[in-house]
Amino acid sequence: MEERGEKESVIMAEEQVDEGKNHEHQKIQTSKSEKEHCVEGHTEPEETGKEKGMRIEETKKESDLKTEVQLELSQSASGFQTGFIQGTDLFGYVGIEAVLDQMRRKTMKAGFEFNIMVVGQSGLGKSTLVNTLFKSKVSRKSCTPNYEEKISKTVKLHAVSHVIEEKGVKMKLTVIDTPGFGDQINNQNCWEPIVKYVNEQYEKYLREELNVNRKRRIPDSRVHCCIYFLPATGHRLRPIDLEFMNRLGKIVSIVPVIAKADTLTVEERQEFKQRIRQDLTSNGIRVYPQREYDEDPEDRILNDRIRECIPFAVVGTDKEHQVNGNKVLGRKTKWGIIE
Ligand code: GDP
């Protein structure tokens, strides 16, 4: 008996300690009982005078209790605690729909990382297109004004990072340029430094992930997307294109694009696209969107639509023109402005 008594006193002591924590619970519970009370009031049409009197008393008691709890809260929760409760909804309502909002806020605060690699011969408009896509001077030319446009003997990788913010969403954009790719007479193995770079970034990330004391947010330098520029020859894929896409397609998402598509007529462009699609299929080259992304039926419909457009025909520019009173990024030609 004595032992049991001791145990009970221990439990009671614990409950007392917890009492402070339960203030919030109390408040939630009080309002819940209030709601229940309201519903009851509506469903019971007839009440005797005595019952009514009891009910009024009950309500009075409840509202007294509520005022007491609120008073206590406001007294004990000065400065720090009120800020704490108001500042984060983590301590507010808990429900599945709140998770989405929490995740959104956390992701918005941390921002996104996006690493894009551009591959293609010099002069195909790689830097211009990246600058066009992000509507800012994020690529090579403007970052290093003294950049010499000389052709290097080997493929060099050149990564430049920028933080872009749009409508409160932060993104760390890294553009990895590959000057020298395909610029030599003998282009054998010119994809090797690129394959090495891509694999190294995976290894780097994996090493960090395996680390027991890993950082809360591992810096992500993996290549998320590789834009491969095809010259607008109107012919078929060249051996260097096939070799590159065959090797890189296995390790990274490739988006093939026809550079300077404004130099082709509409028919030429359609035929060129058709031939490239045939070459990709007959050589078993995997480009974005890969079949693995087709699991969801809705995604599959969208992916099929993208597949019909591949390779994308692109036109880049860094000049703005006035069109109907609005400033637009466009390429001015003899026949008009390509927006
Ligand atoms: P990169 O060496 O591949 O980065 O090529 P640049 O971006 O430096 O562009 C080389 C030249 O091509 C520049 O004079 C650009 O103005 C021009 N250029 C870029 N994009 C296009 C395009 O879509 N169409 C046409 N006609 N010219 C372009």
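Both ligands and their constituent atoms are indexed starting at 1 by order of listing. Note that this is a predicted model, so its numbers are computed, not measured. All values below come from the heavy atoms of this structure, side chains included, with hydrogens, waters and symmetry mates left out.
Near S122, meaning under 4.0 Å from one of its heavy atoms, ligand 1 places the atoms 2 (O). Interface atoms of ligand 1 facing G316, defined by a heavy-atom separation under 4.0 Å, are 20 (N), 21 (C), 22 (C), 23 (O).
Of the candidates K260, R331, Q121, K126, it is R331 that places a heavy atom closest to atom 16 (O) of ligand 1. Remark: among candidates V130, I258, T128, L129, the nearest residue to atom 6 (P) of ligand 1 is T128, based on non-hydrogen atoms.
Aromatic ring pairs are classed by plane angle as parallel below 30°, tilted from 30° to 60° and perpendicular above 60°; the pair H224 and F114 is parallel. Using bins of under 30°, 30° to 60° and over 60° for the plane-to-plane angle, the ring pair F181/F244 lands in the perpendicular bin.
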Exercise. List the steps, then state whether salt bridge (charged side-chain N to carboxylate O under 4.0 Å, His left out) holds for K204 with E208.
Key: CA-CA 6 Å; K204 211 164 135 186; E208 280 287 342; over 6 Å; no

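The proximity of D262 to ligand 1, defined as any non-hydrogen pair under 4.0 Å, is limited to the side chain.
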Which atom pairs, donor and acceptor, lie under 3.5 Å between side-chain atoms of residues 326-339 and protein residues at least two apart or in another chain?
| residue | atom | partner | partner atom | Å |
| --- | --- | --- | --- | --- |
| R331 | NE | G316 | O | 2.9 |
| R331 | NH2 | G316 | O | 3.0 |
| T333 | OG1 | W335 | N | 3.2 |
| T333 | OG1 | G336 | N | 3.3 |
| T333 | OG1 | G336 | O | 2.8 |

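The side chain to side chain contact (heavy atoms under 4.5 Å, CB included) test applied to A110 returns R217, not counting sequence neighbours.
Some N or O of G123 is nearer than 3.5 Å to an N or O of ligand 1, by distance alone.
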